[in-house]
Amino acid sequence: MIKVKKRKILLLPGDGIGPEVVDEVKKIIHWFNKKKSLDFETEEDLVGGASYEKHKKPITDEVFYKALESEAVILGAVGGPKWDDLEFSKRPERALLKLRKELKLFANLRPAICFKQLVDASSLKPEIVSGLDIMIVRELTGGIYFGEPRGIKPIENGERKGINTHTYTSGEIIRVAKVAFELAQKRNKKVTSCEKSNVMESGILWREEVQKVKDEEYTNIELNHMLADNCAMQLLKDPKQFDVIVTDNLFGDILSDEAAMLTGSLGLLPSASLGAKDKNGKMRSMYEPVHGSAPDIAGTKKANPIATILSFSMALRYSLELDKEADNLDQAVQKVLDDGLRTKDILSKGKKEVSTSQMGDAIISKLK
Ligand code: NAD
């Protein structure tokens, strides 16, 4: 068999259940190396509370440079009560913000897929969510969370004023719109762009720029504009009308959590954060489950590894150009769910409860 070149992957398991779920990804990487002669080269390091314990900071420069040099970063989760009282700059979550900001990961992809086997886990009626498959693209490095001026200042009448500034440049809008159109190209060729152009100038610019990108470069894609508040309602009323949703940082934060909950369980939701492509077509990227470090179940073997495994599948698809392998992994997850195996978080009557590592092993056993 022909050996392909080494693909560098940095594993940052982090805290709580992070190491437990990343262990299952390690086993899958090992399987691909052994059975498919893929040459993934993994390195593993500390992030979050685990890094703080050793180095007194949530991420060291050394780890940060390793992230810069790798083709994909797979992160477990960070945080936990042990570190809740640390000063802001030392808190585990700072590591995530630093990675996202410095790697310039401006596009956050959050699929919301309702697996047919788990349709009962959703709080919506089965007919509304069964077969749901939406991709939300959230702009991640601009908008109101980063805009200046910001702060809290005293005003003349003795009150205080809280200030945040919502700004977007054309360039910031265009690059994330292109990510959405490219994704739609490989899916159902439909993009819904959400903003509040009825009350915000930045929303007007957003709408105009997204439309321009479509008209100039993606004429085969259907584009709809929708006000973000209407999108919040439509996601509950008729979520299957959507294919790809693209929106800014603030609205994306809320809409992606809402869409995620349509699917029922945190333990199933992957995410990807992507940067710009360089001149060789390579981009910086980080993949992580949507859930946190779940300190309440850490060490109990109850963590569901599927969100992290599907995050690795997204890495195969978007960073490593291994679509076939990603399909193989996605299908393996489906087959295990078809067989009725469940971790505790998604357990229902008549299904068999398995541990974190049994779920990982079962998925590997279904890989082709
Ligand atoms: P959480 O996502 O860790 O847990 C919420 C609930 O979902 C818990 O009951 C947990 O047991 C359950 N859960 C989460 N993931 C699961 C999985 N894979 N399998 C089974 N059950 C799962 O959110 P939280 O409890 O609000 O936060 C815990 C810690 O995680 C905090 O320190 C928080 O800051 C941190 N956090 C980190 C990230 C991240 O690393 N990206 C994201 C969110 C929260």
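For ligands, and for the atoms within them, numbers begin at 1 and follow the listed sequence. Count residues from 1 along the sequence. What you see below is based on every heavy atom in this structure, not just the backbone, and it leaves out hydrogens, waters and symmetry mates.
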Over all atoms of both residues, closest heavy-atom pair of [X] and [Y]:
{"X": "L236", "Y": "I128", "value": "O-CG2, 4.1 Å"}
{"X": "S319", "Y": "K282", "value": "O-NZ, 4.3 Å"}
{"X": "T141", "Y": "R175", "value": "OG1-NH2, 3.3 Å"}

For [X], take its heavy atoms, then give the atoms of ligand 1 lying under 4.0 Å from any of them.
{"X": "G79", "value": "32 (O)"}
{"X": "A303", "value": "19 (N)"}
{"X": "G267", "value": "17 (C), 18 (N)"}
{"X": "A77", "value": "40 (O)"}
{"X": "L96", "value": "39 (C), 40 (O), 41 (N)"}
{"X": "G292", "value": "1 (P), 2 (O), 3 (O), 30 (O), 36 (N), 37 (C), 38 (C), 42 (C), 43 (C), 44 (C)"}
{"X": "E288", "value": "41 (N)"}

Less than 4.0 Å between [atom] and some protein heavy atom, yes or no?
{"atom": "atom 26 (O) of ligand 1", "value": "no"}
{"atom": "atom 3 (O) of ligand 1", "value": "yes"}
{"atom": "atom 36 (N) of ligand 1", "value": "yes"}

Inspect the contact between [Y] and [X] and indicate whether a charged nitrogen and a carboxylate oxygen are less than 4.0 angstrom apart.
{"X": "E71", "Y": "K8", "value": "no"}
{"X": "K240", "Y": "D133", "value": "no"}
{"X": "D330", "Y": "R317", "value": "yes"}
{"X": "K212", "Y": "E209", "value": "yes"}

Closest protein heavy atom to [atom], given as residue, atom name and distance to 0.1 Å:
{"atom": "atom 29 (C) of ligand 1", "answer": "S293 OG, 3.2 Å"}
{"atom": "atom 6 (C) of ligand 1", "answer": "L266 CD1, 4.2 Å"}
{"atom": "atom 34 (O) of ligand 1", "answer": "E93 OE2, 2.7 Å"}
{"atom": "atom 22 (C) of ligand 1", "answer": "I297 CD1, 4.0 Å"}
{"atom": "atom 14 (C) of ligand 1", "answer": "H291 CB, 3.6 Å"}
{"atom": "atom 8 (C) of ligand 1", "answer": "D296 OD2, 3.4 Å"}
{"atom": "atom 19 (N) of ligand 1", "answer": "N304 N, 2.9 Å"}
{"atom": "atom 28 (C) of ligand 1", "answer": "P295 CD, 3.5 Å"}

Worksheet item: How are the rings of F40 and F312 set relative to one another: parallel (under 30°), tilted (30 to 60°) or perpendicular (over 60°)?
Response: perpendicular
Could you tell me whether [X] and ligand 1 have an N or O pair separated by under 3.5 Å?
{"X": "I17", "result": "no"}
{"X": "A294", "result": "yes"}
{"X": "K302", "result": "no"}
{"X": "G80", "result": "yes"}
{"X": "V78", "result": "yes"}
{"X": "D84", "result": "no"}

So for atom [atom1], which belongs to [X], do other residues, nucleotides or ligands contribute more than 12 heavy atoms lying within a distance under 6.0 Å?
{"X": "E148", "atom1": "CD", "value": "yes"}
{"X": "K366", "atom1": "NZ", "value": "yes"}
{"X": "H55", "atom1": "NE2", "value": "yes"}

Worksheet item: Are L140 and I245 in one and the same hydrophobic cluster, where Ile, Leu, Val, Met, Phe, Trp and Tyr link if side-chain heavy atoms are under 4.5 Å apart?
Response: no
Worksheet entry | Pairs meeting criterion ring pair (Phe, Tyr, Trp, His ring centres under 6.0 Å) with involvement of residues 207-251, two or more places apart | F181-Y218
Item to complete: Could you tell me the separation between the CD atom of E201 and the OG1 atom of T167, rounded to the nearest 0.5 Å?
Response: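 The CD atom of E201 sits 13.0 Å away from the OG1 atom of T167.
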